[in-house]
Amino acid sequence: MIPPGSIIEYLDSGRFTCAVVLQENGNRLRLLNQNGREMNLPASRVVTISKTRHSLDSSRDGQSAMLKDAAEKRAVLTDEIPMEDIWELASEEGQSAFPADFLAELFFGGDLNDDQSAAFLRAVFADRFFFKFKNNLVNVHTEEQVEQLRHQRRKEEEKEAILTTGADNLKVIMGGGAVTGEQWPERDQILSWIVDFELFGSDAPNCDLVRQLLKRAELSRPGDAHKLLVQAGVWEKDENIPLLKAEQPKDFSKDLLAHSTNIAEPTAEQLLAEPKRKDFRDLDIFTIDGENTRDYDDALHVEELEDGRVLVGIHITDVSWFIRQKDPLFAESMERCTSLYFPEGHIPMMPRELSQGVFSLIKDRVRPAMSFLVTLTPDGEIVSSKIVSSVIQVKQRLSYSEVNRIMEDDPRLSLLNRMSQQLQLKRVERGALLLTFPDVNIYVDKQGKVTIKLSDSDSPSRTLVSECMILANGVAADYLTAQEAPGLFRSQPPPHRRLLEGVRNSLQDIACQRRFLSRGELTTHPKSHSGLGLNCYTTITSPIRRFLDMAMQMQLSSMIQGRGQLFSADECRSFVGTLQQKLARAGKVRQQRHRYWLLRYLEERVGTMLSALVVNHGPKRINALLLDCFFDVDLPPNPAFPVEPGDTVKVRIAKANALDNSLRVEW
């Protein structure tokens with residue numbers, strides 16, 4: 001029961017407010033508070049009740065003035081109460097809880113008045129270090145609790161300082177100003193927190209603090225944090241976010257680079273000291289690569305034999321001569337798993353000093369190689385094959401475009417071209433699918449302008465090299481299978497639905513067939529590869545770009561040198577687990593980055609009409625392919641504009657944003 005005329009206090013938004021009780025009605029009180037406002041309040045919200053009763057006969061203004069006067073007195077008294085001294089006295093009593101008035105008397109003495117009693121409770125609520133009001137008693141904190149609360153308070157004060165100064169400095173940076181580490185000591189640390197938040201969101205350390213910081217700096221809109229990091233010089237405008245999110249290794253450690261510099265270029269005499277290594281330096285060996293290629297891992301030669309048969313030599317740089325299983329380069333390559341190529345640059349699997357130096361089949365330089373010597377009939381049937389450790393010296397470096405230009409006039413290239421066509425035809429007869437799309441070559445100039453050029457992935461020169469590499473990889477897989485040796489085999493079940501036959505197929509048919517392909521597999525035992533038309537398959541032709549190829553080369557090299565199997569079945573199974581994880585990571589980065597640059601290209605074409613090939617027509621969406629950049633898009637069906645798969649239509653780029661990965665096209 002709280003009788004009318006009582007002065008009570010309640011908390012309103014954490015602040016004490018004085019009020020006089022006008023009427024009690026069960027568990028609710030009708031009050032007039034110090035602000036002159038009449039209100040209803042649950043009795044449970046009352047914190048203090050005066051012992052004296054006040055007349056309700058005075059005017060509302062008079063009562064408000066009286067309440068304000070009481071509130072001011074209590075506020076002054078509250079500031080005078082030495083809470084730590086009272087806590088020390090209370091701690092000596094050996095009790096954990098006391099009536100509030102008992103503790104108030106330790107300072108004010110006996111005969112407490114209402115203002116003194118209320119002031120003490122205000123002090124308990126204001127300074128939570130020493131006491132806690134609970135169940136109408138004041139609980140005394142232990143020394144450990146006091147220290148913990150003080151530590152918490154210090155952390156809160158530090159946090160507030162970070163938020164206040166941080167928000168101010170972020171506004172300066174966002175506005176184009178410069179803030180140095182001397183001006184803002186926490187600069188680098190906080191920017192690194194923002195980087196983590198932008199990459200990992202709620203999973204980032206300090207994510208809640210960063211959210212508050214960005215909100216105070218008025219940087220809560222999508223893309224604001226990215227723009228801030230660009231303004232601060234932490235990121236480039238087109239920073240490779242998928243690469244950072246995936247935590248794919250980018251730079252090499254100092255120790256690994258130092259180790260790499262100790263790998264010397266071998267002499268022919270050193271290489272030929274191995275009894276089973278053959279000297280092929282006199283062969284007319286040449287490389288065929290892109291004009292900008294700097295790491296050459298494969299080379300070719302061809303000979304027409306007297307009986308009309310053809311000897312094709314595929315020579316792969318022998319990385320296994322330099323690297324052993326416990327070499328730090330082996331572990332680093334396994335972690336990276338593959339080289340990554342982006343329009344803005346290349347992240348190699350191995351240090352460039354090696355991949356573009358002693359490991360690379362550079363013209364006129366002596367190099368160790370693994371040579372695949374395959375004898376073929378004129379119509380592409382394999383008569384015999386041999387894998388040999390060798391020493392080679394490339395005589396000529398050719399580019400794809402150069403080979404296309406001189407192929408008919410160069411007997412070597414003309415012969416290899418004929419054989420590659422026969423090899424491809426044989427594979428197609430065995431069920432291989434040729435799903436060649438044009439290569440989408442993305443170029444970014446210094447101003448960030450994106451251009452795209454399409455090139456034939458099945459040009460004569462590219463087909464020639466591709467078929468030779470497939471031939472060598474197939475021979476390697478056949479050898480491992482015949483020896484019943486564990487390895488890393490690539491396979492692919494038949495497509496869920498087969499739409500194509502033969503060598504030449506339309507773009508629309510190829511795009512449709514891709515939708516029905518089965519997922520490729522990686523196993524330690526041989527299985528058929530439906531897409532390539534081979535009974536078994538591995539890859540060994542890119543040992544400086546792919547870990548799988550390097551590991552298989554090391555396994556093969558050990559076997560053909562007579563040292564037996566290097567890797568056991570258990571080790572190969574371990575490699576499979578690692579490769580599946582790391583290649584999935586790298587593949588996701590590659591796909592997302594490719595999409596980013598295509599969207600950047602389309603950003604400059606918002607509002608324009610582009611040609612698109614209709615690939616598939618469903619009841620709720622139409623799948624199409626933008627023909628100038630081979631980007632998949634979806635559109636809703638348009639009853640006024642019926643289309644069928646194979647039709648070429650015009651679509652409008654309504655919206656494109658690379659940063660938020662969004663694209664909208666319209667009819």
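Since the structure is predicted, the reported quantities are computational estimates derived from the model, not experimental observations.
The structure places CZ of Arg211 at 11.5 Å from CG of Asn206, a figure rounded to the nearest 0.5 Å.
More than 12 heavy-atom neighbours from other residues, nucleotides or ligands sit within 6.0 angstrom of NE2 on His496. Counting heavy-atom neighbours within 6.0 Å of Lys227 NZ, excluding the residue itself, gives a total of 12 or less. More than 12 heavy atoms of other residues, nucleotides or ligands sit less than 6.0 Å from atom CD of Glu156.
Using a 4.5 Å cut-off on side-chain heavy atoms (C-beta onward), Leu29 and Leu31 make contact.
No side-chain donor-acceptor contact under 3.5 Å links Thr338 and Arg585. Judged by distance alone, the side chains of Arg595 and Asn661 do bring a donor and an acceptor atom under 3.5 Å apart. Inspection of the Thr17 and Asp12 side chains reveals no N or O donor paired with an N or O acceptor under 3.5 Å. A donor-acceptor contact closer than 3.5 angstrom is absent between the side chains of Ser662 and Asn657.
Closest non-hydrogen pair, Gln231 versus Ile173, comes out as NE2-O, 3.5 Å.
Ring pair His141/Trp87: centre-to-centre distance not below 6.0 Å.
Between Glu84 and Arg150 there is a salt bridge, with a side-chain nitrogen of the basic residue lying less than 4.0 Å from a carboxylate oxygen of the acidic one. Ion pairing between Arg519 and Glu521 fails under the 4.0 Å rule for side-chain N and carboxylate O.
Cation-pi contact between Arg336 and Phe252: present, with separation from the ring centre below 6.0 Å and deviation from the ring axis of at most 45°. Note that Arg593 lies in the cation-pi zone of Tyr596, set by a 6.0 Å cut-off to the ring centre and a 45° limit from the axis.
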